[in-house]
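Encoded as C-alpha coordinates, the structure appears first; notes follow it.
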Amino acid sequence: MSQSDPNIPSNKLVVANWKMHGSLALNQALIEGYLHGLQSLPQTDVVICVPYPYLAQAQSLLASSRLGWGAQNLAKFEQGAYTGEVGASMLRDFGAQYVIIGHSERSTAYCESDENIAEKMMVAKRHGLKPILCVGETLLEREAGVMERVVGKQLETIIRLFGAEAFADTIVSYEPIWAIGTGLAATAEQAVAMHQFIRDTVASADKSASAKLKILYGGSVNPQNAVQLLNQKEIDGALVGRCSLDVEQFIKICQAVPVK
Ligand code: PEP
(Lines give C-alpha, C1' and ligand atoms only; values in the text may rest on other atoms or scores of the structure.)
Protein backbone atom coordinates (compact mmCIF):
# COMPACT_ATOMS: atom_id res chain seq x y z
CA MET A 1 0.00 0.00 0.00
CA SER A 2 1.47 3.35 -0.97
CA GLN A 3 2.33 5.92 1.70
CA SER A 4 0.45 9.20 1.35
CA ASP A 5 2.44 12.33 0.48
CA PRO A 6 2.07 14.64 3.51
CA ASN A 7 2.36 17.68 1.22
CA ILE A 8 -0.73 16.80 -0.79
CA PRO A 9 -3.99 17.11 1.17
CA SER A 10 -5.73 13.78 0.72
CA ASN A 11 -9.35 13.38 -0.31
CA LYS A 12 -12.02 12.89 2.29
CA LEU A 13 -13.10 9.27 2.54
CA VAL A 14 -16.64 7.94 2.74
CA VAL A 15 -16.90 4.29 3.81
CA ALA A 16 -20.09 2.34 3.18
CA ASN A 17 -20.70 -0.30 5.85
CA TRP A 18 -23.34 -2.58 4.42
CA LYS A 19 -23.47 -4.62 7.64
CA MET A 20 -25.44 -7.88 7.12
CA HIS A 21 -27.41 -6.56 4.15
CA GLY A 22 -27.31 -7.39 0.48
CA SER A 23 -27.72 -10.02 -2.20
CA LEU A 24 -25.94 -10.48 -5.51
CA ALA A 25 -28.68 -8.50 -7.27
CA LEU A 26 -28.95 -5.71 -4.68
CA ASN A 27 -25.17 -5.32 -4.42
CA GLN A 28 -24.84 -5.01 -8.18
CA ALA A 29 -27.52 -2.32 -8.28
CA LEU A 30 -25.89 -0.42 -5.40
CA ILE A 31 -22.42 -0.59 -6.93
CA GLU A 32 -23.65 0.50 -10.36
CA GLY A 33 -25.49 3.39 -8.71
CA TYR A 34 -22.42 4.40 -6.69
CA LEU A 35 -20.17 4.27 -9.76
CA HIS A 36 -22.57 6.39 -11.78
CA GLY A 37 -23.13 8.95 -9.01
CA LEU A 38 -19.44 9.27 -8.16
CA GLN A 39 -18.34 10.07 -11.72
CA SER A 40 -18.60 13.80 -11.04
CA LEU A 41 -17.14 13.66 -7.51
CA PRO A 42 -13.36 13.29 -7.80
CA GLN A 43 -12.92 14.96 -4.39
CA THR A 44 -14.49 11.99 -2.57
CA ASP A 45 -12.79 8.63 -2.04
CA VAL A 46 -15.20 5.75 -1.43
CA VAL A 47 -14.72 2.31 0.11
CA ILE A 48 -17.41 -0.37 0.40
CA CYS A 49 -17.21 -2.87 3.27
CA VAL A 50 -19.27 -5.88 2.26
CA PRO A 51 -20.28 -9.14 4.00
CA TYR A 52 -17.60 -11.82 3.42
CA PRO A 53 -19.49 -13.85 0.76
CA TYR A 54 -19.68 -10.81 -1.50
CA LEU A 55 -15.95 -9.99 -1.56
CA ALA A 56 -15.55 -11.80 -4.89
CA GLN A 57 -18.42 -9.80 -6.37
CA ALA A 58 -16.97 -6.55 -5.03
CA GLN A 59 -13.60 -7.44 -6.51
CA SER A 60 -15.02 -8.20 -9.94
CA LEU A 61 -17.20 -5.07 -10.08
CA LEU A 62 -14.73 -2.64 -8.52
CA ALA A 63 -11.29 -3.81 -9.62
CA SER A 64 -11.06 -1.37 -12.51
CA SER A 65 -12.72 1.51 -10.63
CA ARG A 66 -11.37 4.09 -8.20
CA LEU A 67 -13.49 2.66 -5.37
CA GLY A 68 -11.93 0.46 -2.72
CA TRP A 69 -13.50 -2.51 -0.98
CA GLY A 70 -13.05 -4.44 2.20
CA ALA A 71 -14.60 -6.54 4.95
CA GLN A 72 -16.29 -5.79 8.25
CA ASN A 73 -14.14 -7.96 10.52
CA LEU A 74 -11.24 -10.40 10.46
CA ALA A 75 -9.74 -13.08 12.69
CA LYS A 76 -6.76 -12.24 14.88
CA PHE A 77 -5.22 -15.59 13.91
CA GLU A 78 -3.36 -16.30 10.68
CA GLN A 79 -5.07 -19.67 10.06
CA GLY A 80 -6.07 -22.83 11.88
CA ALA A 81 -8.92 -24.56 13.65
CA TYR A 82 -11.12 -21.48 14.15
CA THR A 83 -14.49 -22.51 12.73
CA GLY A 84 -16.40 -19.61 11.22
CA GLU A 85 -13.49 -17.18 11.27
CA VAL A 86 -11.97 -15.46 8.23
CA GLY A 87 -8.29 -14.57 8.10
CA ALA A 88 -6.51 -11.54 6.68
CA SER A 89 -4.84 -13.50 3.88
CA MET A 90 -8.28 -14.67 2.74
CA LEU A 91 -9.44 -11.06 2.49
CA ARG A 92 -6.32 -10.25 0.48
CA ASP A 93 -7.10 -13.18 -1.87
CA PHE A 94 -10.17 -11.18 -2.91
CA GLY A 95 -8.23 -7.96 -3.33
CA ALA A 96 -9.62 -6.31 -0.18
CA GLN A 97 -7.66 -3.23 0.85
CA TYR A 98 -9.64 -2.29 3.98
CA VAL A 99 -11.17 -3.95 7.01
CA ILE A 100 -13.40 -2.56 9.75
CA ILE A 101 -12.15 -3.49 13.22
CA GLY A 102 -13.86 -3.19 16.59
CA HIS A 103 -17.26 -2.08 15.33
CA SER A 104 -19.50 -1.77 18.39
CA GLU A 105 -22.11 -4.08 16.86
CA ARG A 106 -19.42 -6.77 17.06
CA SER A 107 -17.60 -5.80 20.21
CA THR A 108 -20.89 -5.67 22.16
CA ALA A 109 -22.42 -8.85 20.71
CA TYR A 110 -19.21 -10.89 20.84
CA CYS A 111 -17.59 -9.30 23.90
CA GLU A 112 -14.43 -8.25 22.06
CA SER A 113 -11.83 -6.76 24.35
CA ASP A 114 -9.68 -3.74 23.48
CA GLU A 115 -6.68 -6.13 23.45
CA ASN A 116 -8.36 -8.41 20.93
CA ILE A 117 -9.18 -5.44 18.71
CA ALA A 118 -5.57 -4.22 18.97
CA GLU A 119 -4.30 -7.62 17.82
CA LYS A 120 -6.69 -7.60 14.87
CA MET A 121 -5.42 -4.18 13.86
CA MET A 122 -1.85 -5.46 13.75
CA VAL A 123 -2.78 -8.61 11.80
CA ALA A 124 -4.56 -6.43 9.24
CA LYS A 125 -1.50 -4.17 8.89
CA ARG A 126 0.86 -7.12 8.53
CA HIS A 127 -1.19 -8.25 5.55
CA GLY A 128 -1.33 -4.83 3.89
CA LEU A 129 -4.95 -4.19 4.84
CA LYS A 130 -5.85 -0.70 6.00
CA PRO A 131 -7.68 -1.05 9.32
CA ILE A 132 -10.71 1.14 9.97
CA LEU A 133 -10.63 1.06 13.76
CA CYS A 134 -13.94 2.00 15.42
CA VAL A 135 -13.85 3.74 18.78
CA GLY A 136 -16.62 5.39 20.77
CA GLU A 137 -18.56 5.65 23.96
CA THR A 138 -22.04 4.57 25.11
CA LEU A 139 -24.77 7.06 25.98
CA LEU A 140 -24.27 6.39 29.70
CA GLU A 141 -20.56 7.14 29.34
CA ARG A 142 -21.26 10.39 27.48
CA GLU A 143 -23.85 11.45 30.03
CA ALA A 144 -21.34 10.71 32.78
CA GLY A 145 -18.79 12.87 30.91
CA VAL A 146 -16.22 10.06 30.63
CA MET A 147 -16.20 9.74 26.82
CA GLU A 148 -12.57 10.86 26.53
CA ARG A 149 -11.51 8.36 29.18
CA VAL A 150 -13.31 5.55 27.30
CA VAL A 151 -11.96 6.41 23.86
CA GLY A 152 -8.54 7.17 25.36
CA LYS A 153 -8.39 3.66 26.82
CA GLN A 154 -9.27 2.12 23.44
CA LEU A 155 -6.39 4.03 21.82
CA GLU A 156 -3.96 3.57 24.71
CA THR A 157 -4.36 -0.21 24.55
CA ILE A 158 -2.97 -0.18 21.01
CA ILE A 159 -0.21 2.27 21.94
CA ARG A 160 0.77 0.17 24.98
CA LEU A 161 0.83 -3.13 23.08
CA PHE A 162 2.20 -2.07 19.72
CA GLY A 163 3.37 1.54 19.92
CA ALA A 164 1.76 4.66 18.47
CA GLU A 165 3.39 4.06 15.08
CA ALA A 166 0.63 1.44 14.65
CA PHE A 167 -1.64 4.39 13.79
CA ALA A 168 0.43 5.54 10.79
CA ASP A 169 -1.48 5.05 7.54
CA THR A 170 -4.55 3.75 9.30
CA ILE A 171 -8.08 5.02 9.77
CA VAL A 172 -9.88 5.59 13.05
CA SER A 173 -13.63 6.06 12.95
CA TYR A 174 -15.14 7.89 15.89
CA GLU A 175 -18.47 6.13 16.34
CA PRO A 176 -20.43 7.16 19.42
CA ILE A 177 -22.44 4.02 20.13
CA TRP A 178 -25.52 6.09 20.96
CA ALA A 179 -25.47 7.51 17.43
CA ILE A 180 -25.16 4.25 15.48
CA GLY A 181 -28.42 3.33 13.76
CA THR A 182 -30.45 5.60 16.05
CA GLY A 183 -30.99 8.58 13.75
CA LEU A 184 -29.34 10.74 16.43
CA ALA A 185 -25.97 11.85 15.06
CA ALA A 186 -23.36 13.68 17.12
CA THR A 187 -23.31 17.40 16.51
CA ALA A 188 -20.39 18.76 14.52
CA GLU A 189 -19.07 20.30 17.76
CA GLN A 190 -19.19 16.96 19.61
CA ALA A 191 -17.53 15.15 16.73
CA VAL A 192 -14.82 17.78 16.24
CA ALA A 193 -13.97 17.76 19.97
CA MET A 194 -13.52 13.99 19.94
CA HIS A 195 -11.59 14.01 16.67
CA GLN A 196 -9.17 16.54 18.17
CA PHE A 197 -8.85 14.38 21.27
CA ILE A 198 -8.09 11.28 19.17
CA ARG A 199 -5.46 13.07 17.08
CA ASP A 200 -3.88 14.66 20.17
CA THR A 201 -3.73 11.30 21.97
CA VAL A 202 -1.86 9.69 19.08
CA ALA A 203 0.29 12.80 18.52
CA SER A 204 1.39 12.92 22.14
CA ALA A 205 2.92 9.47 21.62
CA ASP A 206 4.01 9.81 17.96
CA LYS A 207 3.58 13.03 16.00
CA SER A 208 4.42 11.59 12.62
CA ALA A 209 1.98 8.68 13.03
CA SER A 210 -0.77 11.13 13.93
CA ALA A 211 -0.06 13.14 10.77
CA LYS A 212 -0.65 9.99 8.72
CA LEU A 213 -3.91 9.07 10.43
CA LYS A 214 -7.37 9.65 8.92
CA ILE A 215 -10.20 10.17 11.40
CA LEU A 216 -13.75 9.53 10.20
CA TYR A 217 -17.05 10.16 11.93
CA GLY A 218 -19.74 7.43 11.99
CA GLY A 219 -23.21 7.37 13.52
CA SER A 220 -26.47 8.22 11.70
CA VAL A 221 -24.75 10.23 8.97
CA ASN A 222 -27.38 11.32 6.44
CA PRO A 223 -27.51 13.80 3.54
CA GLN A 224 -28.67 16.59 5.88
CA ASN A 225 -26.07 16.34 8.66
CA ALA A 226 -23.26 15.31 6.27
CA VAL A 227 -22.90 18.88 5.00
CA GLN A 228 -21.94 20.24 8.42
CA LEU A 229 -19.93 17.22 9.50
CA LEU A 230 -17.89 16.83 6.33
CA ASN A 231 -17.08 20.53 6.13
CA GLN A 232 -15.11 20.36 9.40
CA LYS A 233 -11.37 20.24 8.77
CA GLU A 234 -10.92 17.83 11.69
CA ILE A 235 -13.30 15.31 10.08
CA ASP A 236 -11.55 13.37 7.31
CA GLY A 237 -14.65 11.53 6.16
CA ALA A 238 -17.56 9.38 7.26
CA LEU A 239 -18.49 5.78 7.97
CA VAL A 240 -22.05 5.31 6.75
CA GLY A 241 -24.34 2.40 7.64
CA ARG A 242 -28.04 2.76 6.88
CA CYS A 243 -27.77 5.49 4.24
CA SER A 244 -25.22 3.45 2.27
CA LEU A 245 -28.05 1.07 1.30
CA ASP A 246 -29.78 3.81 -0.68
CA VAL A 247 -27.84 5.06 -3.71
CA GLU A 248 -29.44 8.50 -3.75
CA GLN A 249 -28.78 9.17 -0.07
CA PHE A 250 -25.27 7.77 -0.23
CA ILE A 251 -24.34 9.91 -3.24
CA LYS A 252 -25.81 12.98 -1.54
CA ILE A 253 -23.53 12.29 1.44
CA CYS A 254 -20.56 12.01 -0.92
CA GLN A 255 -21.60 15.29 -2.56
CA ALA A 256 -21.36 16.97 0.85
CA VAL A 257 -17.57 16.62 0.75
CA PRO A 258 -16.24 20.12 0.01
CA VAL A 259 -14.33 20.67 -3.22
CA LYS A 260 -10.65 21.31 -2.38
C1 PEP B 1 -22.05 2.11 11.25
O2 PEP B 1 -22.42 1.05 10.77
O3 PEP B 1 -20.92 2.20 11.71
C4 PEP B 1 -22.97 3.23 11.29
C5 PEP B 1 -22.48 4.40 11.57
O6 PEP B 1 -24.29 2.99 11.00
P7 PEP B 1 -25.43 4.11 10.78
O8 PEP B 1 -24.92 5.06 9.73
O9 PEP B 1 -26.61 3.32 10.33
O10 PEP B 1 -25.62 4.79 12.09
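Counting starts at 1 for both ligands and their atoms, following the listed order.
Across every non-hydrogen atom of A256 and N231, the tightest pair is O-ND2, 3.5 Å.
Side-chain N/O atoms of K12 and T44 include no donor and acceptor closer than 3.5 Å. For the residue pair Q228 / Q232, no side-chain donor-acceptor distance below 3.5 Å is found, with atom types taken as modelled.
A salt bridge does not link R199 with E234: every distance from a Lys NZ or Arg NE/NH1/NH2 to an Asp or Glu carboxylate oxygen is 4.0 Å or more. One finds no salt bridge joining E85 and K76 here, because no Lys/Arg side-chain nitrogen approaches an Asp/Glu carboxylate oxygen to under 4.0 Å.
In summary, the atoms of ligand 1 found under 4.0 Å from a heavy atom of G218, numbered by their order in the structure, are 5 (C). The ligand atoms of ligand 1 that sit less than 4.0 angstrom from a heavy atom of R242 are 7 (P), 8 (O), 9 (O). Within ligand 1, the atoms closer than 4.0 Å to a non-hydrogen atom of E175 are 1 (C), 3 (O), 5 (C), numbered from 1 in the order shown. Below 4.0 Å from some heavy atom of L239 lie the following atoms of ligand 1, by number and element: 3 (O), 5 (C). Heavy-atom proximity to G219, at under 4.0 Å, picks out these atoms of ligand 1: 5 (C), 10 (O). Near H103, meaning under 4.0 Å from one of its heavy atoms, ligand 1 places the atoms 1 (C), 2 (O), 3 (O).
Ring pair Y174/H195 is perpendicular by interplanar angle, where above 60° counts as perpendicular and below 30° as parallel. A parallel orientation is assigned to the rings of F77 and Y82, their planes being inclined by less than 30° (bins at 30° and 60°).
At a 4.0 Å heavy-atom cut-off, ligand 1 does not touch E105 at all. Only the backbone of A179 comes within 4.0 Å of ligand 1, counting heavy atoms alone; no side-chain atom from C-beta on gets that close.
Shortest contact from atom 2 (O) of ligand 1 to any protein heavy atom: K19 CE, 2.7 Å.
Which of G181, G241, S104, A16 comes nearest to atom 10 (O) of ligand 1 through a heavy atom is settled by distance: it is G181.
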